[in-house]
Amino acid sequence: MEEKKIDLNSIIGFVLIFGILIWIMYQNQPSDKEIAAEKAKKELIAKQEAQAKADKTKTAVLPVAAAATPGDTVQLAQLQKTLGGFAYSATLPSAKEGFTTIENEKIKLKIANKGGYIVEATLKEFKKFEKNSGQLVELIKDNNANLNIQLQTADNRTLNSKDLFFEPTLTKNGADQILTMRLKAGANEYLEYKYVLKPNDYLVGFDVRSQGLNKVLNTGKPLDLQWDLKTYRNEKSISYENRYAEIYYEHEDGKINYAGLGKHEEETVEKVSFIAYKQHFFTSILVTDKPFTTSKLESTNLVNDEKIDTVFTKQFKTNVPLAFSNGEIDYKMQWYFGPADYKVLKSYDKNFQKIIPLGWGIFGWINRLIFIPLFGFLSSTIGLSLGIAIIIFTIIIKLAMSPITYKSFLSQAKMKVLRPEITELGEKFKKDPMKKQQETMKLYNKAGVNPMAGCIPALIQLPFMYASFQFFPSAFELRQKGFLWADDLSSFDSVVKLPFHIPLYGDHISLFPILAAIAIFFYMKMTSGDQQMAAPQQEGMPDMAKMMKIMIYVSPLMMLIFFNSYGAGLSLYNFISNLITIGIMYVIKNYIVDSDKIHAQIQENKLKEPKKQSKFQQRLQEVMEQQEAAKAQNKKK
């Protein structure tokens, strides 16, 4: 290979280019005069911005200054240019950045003079992230929420209530605290928010009404009420929490629905009686006595990257019309700020509990009629620790299902006994699959064996399995309750923190999913052989033996991957459930089901007159006979 030589012309070219670049940079460097001029320009811009900010601040506090002289007609006239009829509210002593706090044993609410709405909502009994975090759950704080009524005035102005000052008055009626916030257009003309907080309650009365504003506001069309909330993260896993954060609403007929999930969803619905901004374990609900005619709902996912987006989960927005009646607004509403706990929500008798996702149809019935009462009895009435309650709960469910497990295994044992004869039929009618099927059905009928008997018990168990996948993530009782190494059964039980992130798996290793995966592996290993023996390969059908061999490894792997970031309570349930099933199957196989007796019984059945076929078997037999006849007819042609 020829050695590369240094090209002198190339070196000279690079030097010249470098020199030209230096010369250009030097020529374009600003002079001292230009630098001074640029500096002066920046200082002037900064001065102008500061002055504009000061003017804005001065404008904002102008109503406060006017409060010292409420009778000053000149000042009032100036305010009327921007605020119209509501200039009066800006001349009152309350026209300043003040707050009023009302609280009971459960919640603490802070209401601002400006806007008259709740700027802080703290739940006093619950901690965020973990049990001993020292931080209370705050559903509203630091301007993450907004309540605004867009006011269309008679003189064609558009004002926002959130920008105007309300006058607060705090009174008591027995143990009830009553806070009225009035946006005044005169001494007896106002828009009023009335908050009523009872002792030991999450529900807050919220009446919105107007008085004497029929000449101030344009009453020809409804007022738009806007409610926005950016939901704070409150749990250990933001991705798991975000999965259960969504908008629910109730139709006038009592039917509950939710806005679509996705990155950004918008929906307009009619006749809505309540709107719930549901987080995983907490919720904010606005309920009205007379349904909103239309409600525009909007949901935006704020978690694009769970390593970066760690503060908020969703952005919820609602726009509803408040209709005038006889020239005035009058709505009796309520706020709920509290836990998304099925029992607590149900106690209000307002269908709130239906926002808990327990599954549709039979899955929801199983959860409401069996799982919730049974688990509530074990955890609350008896007072067991939550981990022990899950174990006993699982044992009871599995024992109740054991007769079905027995039926399934018995059917497999019968099919296993018949397998040699079915295989013999397969060899005999290898070239005639239709005849093979007919003879096989005759054998089943003669032996008194139903090939579907093993499938039906398994299908009966499926709804209970799916119901558990809905129940445990929604069980508020598990939140921040520990068991063994898991410090929170409602979240993942991390035992190892990984220095990297594995797609679909996460950056930690949870132990309960590993145990559940091992249990599933041994359970499938234990039962797959019997299932393969019980179900001979049918011509034209998938090879079930190969599929079962694959599933033995795929099922545990799926448990490891998808359950690593799920709540530990669900993984514990699956681990115990499979352990118990293995035990039940072992007892049935070795001590209850006797293959020799089954074989003798089948042989005895063959000597008897065949049982009358079921309608399904008759129909299947007819279809096969029709196909056989059609096949014979085609051969003649």
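Please read these numbers as outputs of a predicted model, since none were measured by experiment. Numbers here simply count residues along the sequence, with the first being 1.
Between the side chain of Glu241 and the backbone N or O of Asn234, at least one donor-acceptor pair lies under 3.5 Å. A distance-only check finds a donor-acceptor pair linking the side chain of Asn564 to the backbone of Tyr505 [under 3.5 Å]. At distances below 3.5 Å, not a single donor-acceptor pair connects side-chain atoms of Asn160 with backbone N or O atoms of Lys162. For the pair Asp309 (side chain) and Asn304 (backbone), a donor-acceptor distance under 3.5 Å is present. Counting only distance, with no hydrogens or angles, the side chain of Asp341 and the backbone of Phe281 share no donor-acceptor pair below 3.5 Å. For the pair Lys263 (side chain) and Asn301 (backbone), a donor-acceptor distance under 3.5 Å is present. Of the possible polar contacts, one joining the Ser402 side chain to the Leu399 backbone as a donor-acceptor pair under 3.5 Å is found. With hydrogens and angles disregarded, a donor-acceptor distance shorter than 3.5 Å links the side chain of Asn148 to the backbone of Ser161. Under a 3.5 Å cut-off, the side chain of Ser347 and the backbone N or O of Val344 do form a donor-acceptor pair. Judged by distance alone, the side chain of His280 and the main-chain N or O of Ala340 form no donor-acceptor pair under 3.5 Å.
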| Given Leu225 and Leu147, is the side chain to side chain contact (heavy atoms under 4.5 Å, CB included) satisfied, shown in steps? | CA-CA 7 Å; Leu225 183 145; Leu147 183 77; 3.8 Å; yes
| query | Should Glu105 and Lys124 be marked as a side chain to side chain contact (heavy atoms under 4.5 Å, CB included) after you check the CA-CA gap, both sets of side-chain angles, and the distance that decides it? | reply | CA-CA 7 Å; Glu105 298 83 353; Lys124 301 166 73 171; 6.0 Å; no
| said: Applying salt bridge (Lys or Arg N to Asp or Glu O under 4.0 Å) to Lys314 and Glu246, what does each step give before you reach the verdict? | reply: CA-CA 8 Å; Lys314 293 273 182 21; Glu246 50 196 310; over 6 Å; no
| request: Assess whether side chain to side chain contact (heavy atoms under 4.5 Å, CB included) is satisfied between Ile370 and Phe471, documenting all intermediate values. | output: CA-CA 11 Å; Ile370 300 175; Phe471 171 72; over 6 Å; no
| task | Show your working on side chain to side chain contact (heavy atoms under 4.5 Å, CB included) between Tyr336 and Lys350 and close with a plain yes or no. | result | CA-CA 11 Å; Tyr336 174 89; Lys350 294 180 180 291; over 6 Å; no
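No more than 12 heavy atoms of other residues, nucleotides or ligands shown are found within 6.0 angstrom of CG on Asp349. Annotation for Lys332: atom NZ does not count as buried by contact number, only 12 or fewer foreign heavy atoms lying within 6.0 Å. Summarising the local packing, CZ of Phe99 is surrounded by more than 12 heavy atoms from other residues, nucleotides or ligands at distances under 6.0 Å. Taking a 6.0 Å sphere around CD of Glu103, one finds it holds more than 12 heavy atoms contributed by other residues, nucleotides or ligands. The local environment of NZ in Lys128 is crowded, with over 12 non-hydrogen atoms from other residues, nucleotides or ligands closer than 6.0 Å. Counting non-hydrogen atoms of other residues, nucleotides and ligands closer than 6.0 Å to CG of Asp253 gives a total above 12.
In this structure, Trp227 and Trp335 have perpendicular ring planes: the angle between them is above 60°, well past the 30° mark. The aromatic rings of Phe274 and Phe352 sit perpendicular, their planes meeting at an angle over 60°, well past the 30° parallel limit. Tyr573 and Phe472 have tilted rings, their planes meeting at an angle from 30° to 60° on a 0 to 90° scale.
Scanning all heavy atoms of the two residues, the minimum distance from Gln279 to Tyr232 falls at NE2-O, 3.0 Å. Across Thr313 and Ile238, no two heavy atoms sit closer than the pair CG2-CG1, 4.0 Å. Heavy-atom minimum distance, Tyr202 versus Gly338: CD2-CA, 3.9 Å. Ile247 and Ile275 get closest at one heavy-atom pair: CG2-CG2, 4.1 Å. Among all heavy-atom pairs drawn from Gly506 and Leu498, the shortest one is O-CD1, 4.1 Å. Across Tyr244 and Pro357, no two heavy atoms sit closer than the pair CD2-CG, 4.5 Å.
Put simply, CG on Leu139 and OG1 on Thr283 are 8.5 Å apart, with the number rounded to the nearest 0.5 Å. To the nearest 0.5 angstrom, Leu109 atom CG is 8.0 Å from Thr122 atom OG1. Rounding to the nearest 0.5 Å gives a distance of 10.0 Å between NZ of Lys106 and CG of Leu123. Leu197 CG to Lys108 NZ: the interatomic distance, rounded to the nearest 0.5 Å, is 13.0 Å. Considering OG of Ser380 and CZ of Phe375, their distance stands at 8.5 Å, rounded to 0.5 Å. In this structure, Met401 CE and Ser577 OG are separated by 9.5 Å, a value rounded to the nearest 0.5 Å.
Side-chain contact between Tyr331 and Asp207 is absent, with no heavy atoms from C-beta onward closer than 4.5 Å. Side-chain contact check for Ser133 versus Glu130: some heavy-atom pair is nearer than 4.5 Å. By the 4.5 Å heavy-atom criterion applied to side chains, Asn367 and Tyr342 are not counted as neighbours. In this structure the side chain of Asp507 never reaches within 4.5 angstrom of the side chain of Pro499, judged on heavy atoms. Residues Lys271 and His251 fail the side-chain proximity criterion, which asks for heavy atoms closer than 4.5 Å. Residues Val272 and Leu297 have side chains not in contact (no heavy-atom distance under 4.5 Å, counting atoms from C-beta outward). Counting heavy atoms from C-beta on, the side chains of Asn113 and Met181 come closer than 4.5 Å. Looking only at side-chain heavy atoms (C-beta outward), Ile118 and Tyr193 stay at 4.5 Å or farther from each other.
For Lys230 and Phe312, the positive end sits near the middle of the six-membered ring, less than 6.0 Å away and at most 45° from its axis. Remark: Lys236 is positioned above the aromatic ring of Phe492, its terminal NZ or CZ atom under 6.0 angstrom from the ring centre and at most 45 degrees off the axis.
Looking at Ser237 and Ser491, their side chains never bring a donor and an acceptor atom within 3.5 Å of each other. A donor atom on one side chain and an acceptor atom on the other are found under 3.5 Å apart for Asp201 and Tyr348. Inspection of the Ser510 and Tyr566 side chains reveals no N or O donor paired with an N or O acceptor under 3.5 Å. Side-chain contact check for Thr581 and Lys398: at least one donor-acceptor pair (N or O, by modelled atom type) lies under 3.5 Å. With hydrogens and angles left out, the side-chain atoms of Ser273 and Glu250 include a donor and acceptor closer than 3.5 Å.
Residue pairs meeting the side-chain hydrogen bond (donor to acceptor under 3.5 Å, both in side chains) criterion with at least one member in residues 468-486, sequence neighbours excluded: Glu235-Arg479, Lys343-Glu477, Trp485-Asp493.
With respect to Tyr195, the ring pair (Phe, Tyr, Trp, His ring centres under 6.0 Å) criterion is satisfied by exactly one of Phe206, Phe337, Tyr117: Phe206. Exactly one of Phe575, Phe512, Tyr240, Phe469 qualifies for a ring pair (Phe, Tyr, Trp, His ring centres under 6.0 Å) with Phe563. That residue is Phe469. Under the side-chain hydrogen bond (donor to acceptor under 3.5 Å, both in side chains) test applied with Thr300, the options Glu265, Lys317, His264, Gln315 reduce to a single match, His264.
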